[in-house]
Amino acid sequence: MSPAPLTPRQAFTRMLWEENPVLVQILGICSTLAVTNLVKNTLIMCVGLTLCTAFSALTISLLRDRIPRQVRMMVQVLIIAAWVIVLKIVLDAFLPEISRELGPYVGLIITNCIVMGRTEGFAMGNRPLTAFCDGLGAGVGYSLVLLVIAAVREPLGLGSFFGIPVLPSDWTRWNLMVIAPSGFFALATFIWVAKAFKGGTPRPAAPAGAKPAA
Amino acid sequence: MRQRLGVVLFTLAVTVVCGGLVCGVNALLADRTASNAQAARQRVILRLLQGTAEADGLPGDRVAALFQDRVDTVTLQAPGQAPLTAFRPKGTAAAPIVFPFRGQGFWDAIAGFLAIDPAAKKIVGIEFTEHAETPGLGGRISEPAFRARFAGKPLDQPGPDGRRLRLVSEGTAAQPTEIDGITGASETSRAVERIVNRAADTILALLAAGGQP
């Protein structure tokens with residue numbers, strides 16, 4: 001996919017802004033809409049996704065020369081699923097309260113387009129350390145966007161930040177901000193502002209492995 | 001042919017390794033997960049029985065000891081009724097009895113525990129331990145402010161349609177048997193009303209039939 005090999009450092013940093021998976025590649029929209037109404041849940045979700053993306057990319061990059069082309073997607077899903085289930089079990093064992101609050105979202109990391117997009121689009125063709133950094137960067141880039149959106153949605157929708165009330169108690173809660181449609185509005189506004197800020201760099205072609213948000 | 005066999009064997013190997021990893025981690029942490037779940041249940045029951053958050057900060061084994069010390073687990077039985085597990089404070093016959101309940105919510109099952117004062121036929125407290133309602137809307141049933149609305153509600157004054165309690169639009173509860181629902185979560189409010197009323201029907205029928213441990 002990429003002509004010049006990237007250093008691990010470049011692989012990490014370019015995912016934060018230039019190639020941000022949510023803002024530029026428009027991946028991972030499903031969870032961007034679903035979990036961003038509470039900052040705390042968003043944070044745990046982001047940490048989980050970052051770890052899963054990074055370790056899946058590392059594993060697949062280690063195996064990349066051995067994976068038969070015909071079944072590469074299946075193998076990727078298998079490996080991603082294994083990491084996500086491990087994460088779910090670890091959360092259940094060590095952070096039971098948060099695990100309960102996140103409910104099905106942790107398991108749904110398996111279907112997150114970013115994980116698959118990075119393994120198929122990058123880890124399959126790059127060295128393990130670079131792929132690991134790329135996955136880490138994609139996760140952190142995703143987290144930055146989600147945390148900003150959550151930091152707008154939670155105060156407006158529930159009058160709190162990180163569960164602590166920050167707005168006066170007579171604040172009229174915007175129910176719209178709590179439900180999924182406001183995720184679209186917040187995300188669209190964010191992308192608009194980010195694009196304006198970047199000054200119209202041409203959009204790169206859609207990365208391989210991109211799929212419609214499900 | 002040989003190449004195809006290679007593909008199959010490779011996929012099989014990845015499956016076995018991934019499956020092994022998941023099973024291994026699961027087996028390693030199974031005890032911890034089970035005791036976490038157990039401790040979470042026991043914390044809820046202790047909170048409802050004592051009305052304090054004494055057990056909340058304690059680690060799992062301390063909670064188990066406290067539970068052992070304070071709570072009797074009993075099975076209430078009466079002729080013609082399905083037996084029901086309940087929890088009561090050790091040593092006293094009075095005070096609340098805690099019953100588990102379960103029913104269909106808006107998205108998925110809602111389960112929890114209901115503390116009832118058997119003599120006064122009033123709700124003492126309620127906790128939801130399991131639900132998948134919309135976070136921030138129906139999910140607010142687990143917030144203390146919502147749960148507090150149930151405290152002291154009478155269960156012995158059913159309306160003409162048989163509903164003992166009714167969840168009404170938020171801010172309009174006027175009667176003793178009315179409870180403020182949650183704005184933006186009408187379906188969840190309706191489900192909670194149905195589940196609590198059904199649980200109360202079962203429990204009160206059992207108690208009226210002389211349900212004894």
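Note that the structure is a prediction, hence the values are computed from the model and not measured. So you know, we letter chains A, B, ... as the sequences are listed, proteins then strands, and number each from 1.
Two residues are said to be in side-chain contact when any heavy atoms from C-beta on lie closer than 4.5 Å; Asp92(A) and Leu29(B) fail this criterion. Contact check for Asn36(B) versus Phe94(A): no side-chain heavy atoms found under the 4.5 Å cut-off.
Comparing Arg140(B), His131(B), Glu130(B) by how many heavy-atom pairs each has under 4.5 Å with chain A, the most go to Arg140(B). For the options Cys18(B), Gly184(B), Ala30(B), heavy-atom pairs under 4.5 Å to chain A are most numerous at Cys18(B).
Residue-environment remark: CZ (Arg41(B)) stays at or below the threshold of 12 foreign heavy atoms within 6.0 Å. Atom CD of Gln68(B) has 12 or fewer heavy atoms from other residues, nucleotides or ligands within 6.0 Å. The 12-atom threshold is not exceeded at CH2 of Trp174(A), counting heavy atoms of other residues, nucleotides or ligands nearer than 6.0 Å.
Distance check, rounded to the nearest 0.5 Å: CE of Met74(A) to OG1 of Thr15(B) gives 9.0 Å. Note: Gln70(A) CD to Gln3(B) CD = 6.5 Å, rounded to the nearest 0.5 Å. Here the CZ atom belonging to Arg72(A) is positioned 13.0 Å from the OG1 atom belonging to Thr11(B), to the nearest 0.5 angstrom.
Contacts of Ser142(B) with chain A are absent, with no heavy-atom separation under 4.5 Å from either backbone or side chain. Residue Ile85(A) touches chain B through its side chain alone, counting heavy-atom pairs closer than 4.5 Å. With a 4.5 Å cut-off on non-hydrogen atoms, Leu158(A) touches chain B through its side chain but not through its backbone.
Closest of all the heavy-atom pairs between Val14(B) and Leu78(A) is CG1-CD1, 4.0 Å.
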